[in-house]
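By convention in this document, chain letters (A, B, ...) are assigned in the order of the sequence lines, proteins followed by strands, and residues within each chain are numbered from 1. Keep in mind it's a predicted model, so treat the numbers as computed, not measured.
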Amino acid sequence: MADDPSGTGRRVYEENCIGCHGTRGDGNGDAAGNLLTKPRDFTRGMFKFKSSRGAMMPTDQDLINTLNNGIPLTAMPPFRLMTEPEKRAVIEYVKSFSDRWKDPQAYDTAPFVAGRIPAYVGTPVSIGKGEEIFKRCISCHGKTGKGDGTSAGDQMDTWGYHVRPRNFTYGMLKRGSRVEDIFTSITLGVGGTGMPAHETAYSENDRWNLVSYVLTIMGKVKYEVAAEDDDE
Amino acid sequence: MSSSSMERFAPIVLVAGLLFFLFGTFWQAVAPWLSLRHLPYKSIDEIAQTVPPTFRMMADDYPDEFKKYFGEPDTAAFARALRIGRGVYVAEACWHCHTQQVRPVSNEELRFGPVSYPSEYANALQLPPLLGTRRVGPDLIREAGVHSSDWHMAHFKNPPAVTPGSVMPSYGWFFDKDGSPGERALAVTAYIQWLGSWIPNHAYELPTRPAAQPEKQ
Amino acid sequence: MTTSSRDGVCRPLVWAHTLASLAYIVIVLFAGMLYSLQFLSLFPFPNVEFLSPGRLRMLHTNGAVYGFIINGFAAGLYWAIPRFTGQRVWNEKYVGWFMFGALQAAVLATAVGLLAGYAQGIEWAETPIFVDPFIVVWLIVALFQFGIPIYRYGKSGPMYVAAWYMVAGCVWVPMVYVMGNYIPQFFVPGIAGAAITGTWIHDAVGLFVTPIGWGLMYYFVPILLRKPVWGHSMSLLGFWGLAFFYPLQGVHHFLWSPIPMYAQYAAVISTVVLELAVVTVIVNFVLTLRGQFGQLANDLPLRWIYTGILNYAITCFQCAIQVLLTSQKIIHFTDWVVGHAHLIMFGTFGFWIFGILSYLSPKVKGLEPRSTRAGEWAYWLITIGTILMWFDLLIAGVVQGVSWMSLAPWMESVRVSVPFWAIRTATGTMIIAGMIMYLVHIAESRRAPSAGRAGSA
């Protein structure tokens, strides 16, 4: 068990998490049966949204981000108002459910950090380039980005649950609400699912162009109609 | 002053009293209406022209139930869902424990989101207005997208299972016999997911930029 | 059924309204008790649609106003008006019994409608929309029923202040009821509509329950004390203070909302200033009691009434503090307001009705009111229960408000409230026990006293 002499982590877990993630952290809480996206099974020590590569463990900051923002489109709500010590404590408590956290080999020594958003993201040229690259994504995400590609129907994740490729037209993504989060998802993939990493397959520019196109499908790129020239 | 001399003024005082009443009612009820009359009013059908993604997602998440009760997730279905959903919200007295206003004080902006402003209430779904006067549960005017629809379903079925310690009642009658979401569960969730959907709560938006290179004249 | 005696009072009508009032308060108390159990996660009927806690809450408030208070006031008015005006009400045989039946039908339709899910989304006006027109008609008929004798009496000379209050209440209430139930429901949406519902919420209390209640007090207190009210001019001052400041207060239910600030400032200021008018009324009644404080010991109806007046003073003083925009930052939306509402609706007007009904119940049978052991139990259980509930909810409100302000997670404010809610349920149990004692007292006081042990008032 993790070091939690004050019992804070356990208390916070029981006050906030136990309903879905369950007493034993196996994702089988009382409410889990009614949820479509099943709560994470902490006993497996595997996570979807993180800055580490492959099956490596998430950083504490990754888990804090999940606590702060929740996972949009799923039943994981944001816990922004929890205090910082409580967040740290509950993360330690969650770590106590799996021995993978004790394996020093399971950590990414240089977790990925998305750089600054290049200025060209969202420009018509970038979107056009992104559209070309996106053609390689449509077998899962579909031609219009609705997650209804030809191989979308029969995908399972590592935890044995049916998963769907992301439908971008909902205008929200699970990882987070920043443009950089789209870039991170393209780069690292989504852990335990059919979404692979593209860190080596595509250059950084290509990935940012892809971000431009995804933002377009999401309806998030805003253009002003060229202003009529006023007398000012 | 003897009481009889007071009585002599009774007719004057009576007129004055009526004027007081009219003045009070004017200042408290009529004047705010005059002040806010210019706000563009939206009917439910006009509101439903913008179908939020949560509604389409609900149709994907619960395909059979959604098709049975609402058909396709189009504007007509959304208008119907809003109507039924708000009806449920009123009938079940949701508005007696949840407010729909964020005040500019007491850190409410940090807890719930942007402070409420008059024009967001100028629509048929605030007729009668559902601002509320008691918060047992949190405010809901910025609730859109904060929780997913399946969270709401699990929560309506058994709130303490989702939120340990919650004192919200279960609403088992929103669901069909087999436990799948019924018309009322889908409708009230659509209504709650609409609350605040007009405020962008995600930061994806890139800064607005010109569509084409405008010719300098 | 129109056995009017020489004083012009139709006793069967008084007794019928008394019984109806008592029946509804029992239902209302149990609805409130059930609702409070939900807050302790002990609700006995989970997942029963027609006994949903939310619906029971609306039954609790609407049953209190339309069932308990209107019936209780009607009993008082049917007794008081003929006796101090010397005029019979408009018509007992047809109008009186029609009004009685229509009122009970409307309240039952409201109760069934609320439990079946036909509530209207306006606070204190949750009566289903299809019941509203009948209530409006009833209120207009009531204006004639009680207004006609007062009009006849007023032609013969200066009117006693009780009549001013009663007439004003009867004139105002149909207007504000139509305003509050129809305009925000069908015509004015959003923030302007909220201003109107606020005005309605407050007018329902200030321009209906308060004037009728005080009107009855100006009749029953001098009768019980066998002497006139201390100052007539002071009475009129209180009346006009109320008439001027009450309609200006509606928006104080929505402070810090998007309603224009000029309306909010006016509401705050007039609420604070109303305190002056309230003080004149309270002082008037306390000075009336001067020299006869001892009578409170044995005279149960008088004690109920003066406890109600004391609670009124507390509530109004509290109101002047809580309405300040600074206080509102903490206590708005909290249980503080719930405690406040209980002390005014139950602790004041409810107590007055208990006083009036315990006086009238033996009177309509030709007996003198007397104190009984059950009556004493009823008084102390209900009074202590109500005051404790008020105080408990007050503290709960501050704790909740501070918890929200501190940005602690929401559930924190629920967890810290649970002990307060447990105390509320306990005090509610006291009130229900007291209510049962009260019913015993009413039954006992209507039996002829056995010689020797009658504690006459």
Pair B/E108 + B/R142: basic N to acidic O under 4.0 Å: no
Contact origin within B/N158 toward chain A - heavy atom pairs under 4.5 Å: neither
Interchain contact, A/M218 with chain B, by part (heavy-atom threshold 4.5 Å): side chain
A/D181 versus chain B, the contacting section by heavy-atom distance below 4.5 Å: neither
Most chain A-contacting option - heavy-atom pairs closer than 4.5 Å, from B/T163, B/T54, B/V162: B/V162
NZ (B/K42) with more than 12 external heavy atoms under 6.0 Å: no
Closest-packed option against chain A by number of heavy-atom pairs under 4.5 Å, given B/K157, B/M153, B/H155, B/H152: B/K157
B/E46, CD: over 12 other non-hydrogen atoms inside 6.0 angstrom: yes
Pair A/R11 + A/E86, salt bridge at N-O below 4.0 Å: yes
Short N-O contact, B/E109 and B/R103, less than 4.0 angstrom: no
Pairwise side-chain contact, B/F156 with B/W173, heavy-atom cut-off 4.5 Å (strictly under): no
Portion of A/E180 that has a non-hydrogen atom of chain B nearer than 4.5 angstrom: neither
Chain B contact via A/I182 - side chain, backbone, both or neither, heavy atoms under 4.5 Å: side chain
Segment of A/L35 engaging chain B (4.5 angstrom heavy-atom cut-off): both
